[in-house]
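Accompanying notes for the structure given below.
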2 protein chains.
Amino acid sequence: MLGNDEDVVEIPRRPGRRRDESKDDVIMTATRQLIAERGYEGMTMDAVAERAGTGKATVYRRWPSKVELTVDAVVCGRGMILTIDDVPDTGSLRGDLMSLRGIQDSGRNDALMSGLHAAAQSDPQVGKLFHEQFVTARMALMYALLERAQERGELLPGIDLEMVATIAPAMIAYRKVVAGKKVSAEYTERVIEHLVLPLATGERPDVQA
Amino acid sequence: MLGNDEDVVEIPRRPGRRRDESKDDVIMTATRQLIAERGYEGMTMDAVAERAGTGKATVYRRWPSKVELTVDAVVCGRGMILTIDDVPDTGSLRGDLMSLRGIQDSGRNDALMSGLHAAAQSDPQVGKLFHEQFVTARMALMYALLERAQERGELLPGIDLEMVATIAPAMIAYRKVVAGKKVSAEYTERVIEHLVLPLATGERPDVQA
DNA sequence: GGGTTTCGGAACTCGCTAGTTCTGTATTAG
DNA sequence: CTAATACAGAACTAGCGAGTTCCGAAACCC
C-alpha cells in the first residue's frame, strides 16, 4: 500500500459552475414528446432546446448528435421492456394476459412508438434500437407467457406458438402505426378474448345464443 | 342545331412539339421505385427526374408538386385494390384465401407500402390516400370474404368478424412495416392455416401426433 | 478577487431539397 | 421559313435543419 492514494481516481473537482444534471431529464422528456408529436424527421434540435427551456449548446454539450440523443431518450424511457419476471403467475393464461392489458403501451408511449417507427426507417442505429425495444421484447414476452401456459397444460396441441405470440403485438401495432387509431384497454381485451385465447386454449368468449 | 359547331370544344391543335405522353409512365414508375427504396422523405425530385431520364422541368410541367406526384403515383399503381368481385368463389373460405395468397402484396409493392407509410405521417393528403389504399380496402375485402363464408355456413358462431378480418392485414403489415422482414407466400399461408381458419371455421392445420 | 465552467440565447456555417428559370436543341402547325 | 411548344440538363433561389461558435451572465473553486 502506498498510503491513501487508492486506485480510485482522484476526482480533481474542477472549478467552474457545475453542470445541472436535472437538465438531462428535461431534455430527454422534451425529446420523447417531440418524437411522439412529430416523428423523428419532424423533431428538430431547435425545438428540443426550446421546449426544454435550454440553449442548443446545452443539448450538444451532453449529446453529440441527434441520433445519440434519440437513442438515449428512447432507451432511458424505462419501464417499457417487460420480461416474464415482471408478470406474476396468475395461474391462467387469461389472467396473465389481462394483467398486461393496461400496462402494455400505456398512454403517451403510443405516439412515441409511431414517431419512432419513422426514425427507424431513416437511421439504422435507431432502427436496431426500435426493433429491440418494440419488436423483439414484446414477442419474447408473449412467447414466454404462452410457454408458461403450455407447462400448465392449458394450450391446445399443435399450436404455432410463434404465430400466436405475434398476434397481439401485430394487432396493436397495426391499429396504432398503420391504421392510426387509438389502442384502448377495451381493444386489447378484445384481441385477447376473441383471438389469442380461442387460438391458444380453445376458450371462446361468451356467446348468448 | 347550329350546324357542326357542337358543344365539343374545337381542339385548336396548337403548334409546337407534342408532349410525349409515355413520359408520364416513366416518371410515375421512377417515383414508385424511389418511394419504395427510400421512403417519401428520402425521395427527391432530382432523383425522380434522373431515374426517369428527364429534366426536372418536365416533371413539374406535369405535376405541380411532390405531394401531387406521390398521390398520382400511388393511386395509379393499379391492380392494387382488390374487391370481392375479383376473387372467384372457390366454394370454401380456405380456397378463397389461398387464391389470394400470392396476389396480395406481390413483390415490389412490399417496399412501396413501407416507404409510403412514412409519407402518410408527413403529409395528411398522402395519409388519407394511404389509408384508403392499404387499410380500408384490405379490411373490406377480408370482411367480404368472411361474410361469403358465413352465408355458406362455414363460420363458427359468435365470431368477431371485424377482428378476424383484421388479422391477416395486421400480421402482414406488422411483419413488413414494423418488423421489417420479408412477407413470403409461405408466411401468408401460415397466417391463413394457423390463425384465420382455426378462428373462423375451427379447421385446424394437420397435426402429426 | 481571478480563473474556469455552465448557463440561455442568438448568430452563424454548411448541406440538402423543393421549386424556378435559363439554355440550346428538337418537334410541330401554319 | 417563323412562331410556339417540349425536351434534357444545368444553374439558380429560398428555406430549413444539424451542428458550431460567440456572447454576457451566473455559479463554483482557489
Nearest listed nucleotide, side chain of Thr44(A), among dC29(D), dA6(D), dA18(D)
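Per side-chain heavy atoms of Thr44(A), the pick is dA18(D).
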Asp20(B) has its side chain closest, among dC7(D), dA29(C), dC28(D), to dC7(D)
Those residues at least two apart in sequence (or on a different chain) that pass side chain to side chain donor-acceptor pair (under 3.5 Å) with Asp25(B) are none
Sorted by chain and number, sequence neighbours left out, side chain to side chain donor-acceptor pair (under 3.5 Å) with Arg148(A) holds for Asp96(A)
[N] OP1/OP2 closer than 4.0 Å to side-chain N/O of [X]:
X	N	value
Arg19(B)	dA6(D)	yes
Lys23(B)	dA6(D)	no
Arg18(A)	dA26(D)	no

Salt bridge (Lys or Arg N to Asp or Glu O under 4.0 Å) pairs touching residues 43-55 of chain A, sequence neighbours excluded, are Glu37(A)-Arg51(A), Asp46(A)-Lys56(A)
### Message
Both conditions, 6.0 Å and 45 degrees, for the charged tip of Lys66(A) above the ring of Tyr40(A): are they met here?
### Response
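Relative to the ring axis of Tyr40(A), which defines the angle, Lys66(A) lies inside both limits.
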In whole Å, I'd like the distance from the [atom1] atom of [X] to the [atom2] atom of [N].
X	N	atom1	atom2	result
Asp46(A)	dT20(D)	CG	P	13 Å
Glu50(B)	dG9(D)	CD	P	9 Å
Leu34(B)	dT17(C)	CG	P	12 Å
Glu41(A)	dT17(C)	CD	P	11 Å
Glu21(B)	dT27(C)	CD	P	17 Å
Tyr40(A)	dG17(D)	OH	C1'	12 Å
Ile27(B)	dC7(D)	CD1	C1'	11 Å
Met45(A)	dG19(D)	CE	P	6 Å

Answer yes or no: is there a donor N or O on one side and an acceptor on the other, between the side chain of [X] and the main chain of [Y], under 3.5 Å?
X	Y	result
Glu41(B)	Glu41(A)	no
Thr31(B)	Ile27(B)	yes
His131(B)	Thr136(B)	no

List the atom pairs, with distances to 0.1 Å, where a side-chain N or O of residues 189-200 of chain B and a protein N or O form a donor-acceptor pair under 3.5 Å, not counting sequence neighbours.
{"from": "Glu189(B)", "atom 1": "OE1", "to": "Arg101(B)", "atom 2": "NH1", "distance (Å)": "3.0"}
{"from": "Arg190(B)", "atom 1": "NE", "to": "Asp160(A)", "atom 2": "OD2", "distance (Å)": "2.7"}
{"from": "Arg190(B)", "atom 1": "NH2", "to": "Asp160(A)", "atom 2": "OD1", "distance (Å)": "3.2"}
{"from": "Arg190(B)", "atom 1": "NH2", "to": "Asp160(A)", "atom 2": "OD2", "distance (Å)": "3.4"}
{"from": "Glu193(B)", "atom 1": "OE1", "to": "Arg94(B)", "atom 2": "NH2", "distance (Å)": "2.4"}
{"from": "Glu193(B)", "atom 1": "OE2", "to": "Arg94(B)", "atom 2": "NE", "distance (Å)": "3.4"}
{"from": "Glu193(B)", "atom 1": "OE2", "to": "Arg94(B)", "atom 2": "NH2", "distance (Å)": "2.9"}
{"from": "His194(B)", "atom 1": "ND1", "to": "Arg190(B)", "atom 2": "O", "distance (Å)": "3.4"}

- Query: With no angle test and no hydrogens, is the base of dT5(D) tied to the side chain of Arg17(B) by a donor-acceptor pair under 3.5 Å?
  - Reply: no
Q. Quick one, which residues of residues 56-69 of chain A touch DNA chain C with a heavy atom under 4.0 Å?
A.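 Listed by number, they are Ala57(A), Thr58(A), Arg61(A), Arg62(A).
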Does the pair Asp72(B)/Arg32(B) count as a salt bridge with the N-to-O cut at 4.0 Å?
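No.
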Five-pair end axes of the helix from dG1(C)-dC30(D) to dG30(C)-dC1(D) and the angle they enclose, rounded to 10° |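 Computed angle between terminal axes is 0°.
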